Amino acid sequence: MSTKKTKKKSQWHDIWRQLKKNKLAVISLFVLIALILIAILAPVLAPYSYKTQDVVNANAGSSAEHLLGTDKLGRDILSRLLYGSRASLIMGFSAIAIGAIIGIAIGAISGYFGGWTDNIIMRLLDIYQAIPMLLLCIALAAVLGPSLRNAIIALGVGMVPGYARMMRASVMTVRGKEFVESAKSKNCSTVRIILKHIIPNAIGPMIVQITMGVGSCILSGAALSFIGLGVQAPTAEWGAMISDARASLRQYPTQALYPGLCVMISVLACNLLGDGLRDALDPRLRN
């Protein structure tokens, strides 16, 4: 038991050692950690509430009272950016959790059993993926109604097919390995084999995809809020802030620029971290 724990610890240490060689990936990791801390501490860090209005100072520029200025309702943009990180990150992480959990389960079942089970699941996923993901998310969000919770559900459901296919491919590469055959010879249950032996050894590529998927969900969530199907006023969210600034984009471009930069930085950080994890997890890509 101790040997197994030591081996696992050594593997994670090796992955971290490889990841540290990629400076951009390490910086991206700290950027994501900083964004999470900002989202948690938003009430402490924000100088004002996200819904406090000062109509007299509407559309004001940067000043000592409002470092990034105010929007058309006189709400402090910096405060709304800090609070907006909550909704954006919740959408990103929650949606990816839903999509990954369901996708991993479906992919593991399909890849492990194969045969007619695999054929049925794959054909259903073919039909599923015939609909563009963003269009599917928009349709689901419109049916369920505009809200943060429904946007998360729509995004999570839209992410399922991609993770299911990737997990299926990973499972099919390990299901014939000796440790799986050994577990079968010991009369381990199918559920135990899948959960204890198949998924842990096939999850590597999924970690990279999940990391990048968080960025995709943040971007797609911002798109849903931009068209009015995500977070609703007065709750702050980066996509909704960009939507609010559309009417005055020529006169006050920074009102859309700041939340747009937040979306860009968070998505870029997820993608760069995913690239770094891919290099760290794949022995063929190591220096």
Side-chain angles (χ1 to χ4, degrees), residues 12 15-39 81 84-104 107 129 132-138 151-152 154-167 169-170 202-226 230-231 237-242 256-287:
W12 283 110
I15 291 171
W16 172 243
R17 183 173 57 83
Q18 293 295 329
L19 184 65
K20 285 194 296 184
K21 294 179 181 180
N22 190 325
K23 302 302 181 185
L24 284 177
V26 174
I27 292 172
S28 298
L29 175 61
F30 285 114
V31 168
L32 286 176
I33 292 173
L35 287 173
I36 292 171
L37 291 176
I38 287 171
L81 287 175
S85 63
R86 285 184 160 188
S88 295
L89 293 180
I90 286 173
M91 273 199 287
F93 285 104
S94 300
I96 212 67
I98 293 172
I101 291 172
I102 298 174
I104 287 172
Q129 288 189 298
M133 180 204 158
L134 187 57
L135 183 60
L136 176 63
C137 292
I138 290 173
I152 290 171
L155 291 170
V157 170
M159 299 293 288
V160 168
Y163 292 114
R165 286 189 178 279
M166 178 167 284
M167 191 63 191
S170 296
I203 202 69
M206 294 294 297
I207 294 175
V208 177
Q209 193 68 14
I210 288 170
T211 304
M212 292 183 170
V214 172
S216 298
C217 284
I218 291 174
L219 187 59
S220 298
L224 288 179
S225 296
F226 182 82
V231 174
E237 194 274 338
W238 295 334
M241 290 178 68
I242 298 173
L257 177 63
Y258 293 136
L261 285 175
C262 290
V263 173
M264 185 193 75
I265 290 170
S266 58
V267 173
L268 183 61
C270 290
N271 289 340
L272 291 176
L273 178 59
D275 283 338
L277 285 173
R278 180 196 61 197
D279 296 343
L281 290 169
D282 191 342
R284 295 170 299 180
L285 299 175
R286 294 179 183 177
N287 297 324

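Quick caveat, the model's predicted, so the values are computed rather than measured. Atom set for the values below is all heavy atoms of this structure, side chains included, hydrogens, waters and symmetry mates excluded. Throughout, numbering of the chain's residues begins at 1 and tracks the sequence.
Taking each heavy atom of Tyr163 and Met206 in turn, the nearest pair found is CD2-CE, 3.4 Å. When all heavy atoms of Leu136 and Gly158 are compared, the pair lying nearest together is CD2-CA, 4.1 Å. Across Gly274 and Val208, no two heavy atoms sit closer than the pair O-CG1, 3.3 Å. In terms of heavy-atom proximity, Gly103 sits nearest to Met167 at O-CB, 4.3 Å. Taking every heavy atom of both residues into account, Met91 and Ser225 meet most closely at CE-OG, 3.9 Å. In plain terms, the two heavy atoms of Ala87 and Val231 that are nearest each other are CB-CG2, 4.0 Å.
Checking side-chain atoms of Ser266 against main-chain N and O of Val263 turns up a donor-acceptor pair under 3.5 Å.
Between atom CE of residue Met264 and atom CG of residue Leu257 there is a gap of 9.0 Å, rounded to the nearest 0.5 Å. Here Leu24 contributes atom CG and Leu29 contributes atom CG; the two are 12.5 Å apart, rounded to the nearest 0.5 Å. The structure places CG of Leu268 at 11.5 Å from CG of Leu261, a figure rounded to the nearest 0.5 Å. To the nearest 0.5 Å, atom CG of residue Leu273 and atom CG of residue Leu19 are 6.5 Å apart. The CD1 atom of Ile96 sits 11.0 Å away from the CD1 atom of Ile101 when rounded to the nearest 0.5 Å. One distance of note links CD1 of Ile265 with OG of Ser28; it measures 11.0 Å at 0.5 Å rounding.
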| request: Give the intermediate values and the outcome of side chain to side chain contact (heavy atoms under 4.5 Å, CB included) for residues Phe93 and Cys217. | output: CA-CA 8 Å; Phe93 285 104; Cys217 284; over 6 Å; no

| request: Mind running side chain to side chain contact (heavy atoms under 4.5 Å, CB included) on Asp279 and Gln18 for me, showing each step along the way? | output: CA-CA 8 Å; Asp279 296 343; Gln18 293 295 329; over 6 Å; no

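Residues that satisfy the side chain to side chain contact (heavy atoms under 4.5 Å, CB included) test with Ile102, not counting sequence neighbours, are Ile98, Ile106, Val160. Legend: residues meeting salt bridge (charged side-chain N to carboxylate O under 4.0 Å, His left out) with Arg165, ordered by chain and number and at least two apart, are Asp126.
Counting only residues at least two apart or in different chains, side chain to side chain donor-acceptor pair (under 3.5 Å) contacts with residues 95-104 are absent.
Screening Leu272, Asn22, Thr211 for a side-chain contact (heavy atoms from CB on, under 4.5 Å) with Leu277, the sole residue that qualifies is Thr211. Here the options are Met133, Met166, Gln129, the test is side-chain contact (heavy atoms from CB on, under 4.5 Å), and the partner is Pro161; only Gln129 passes.
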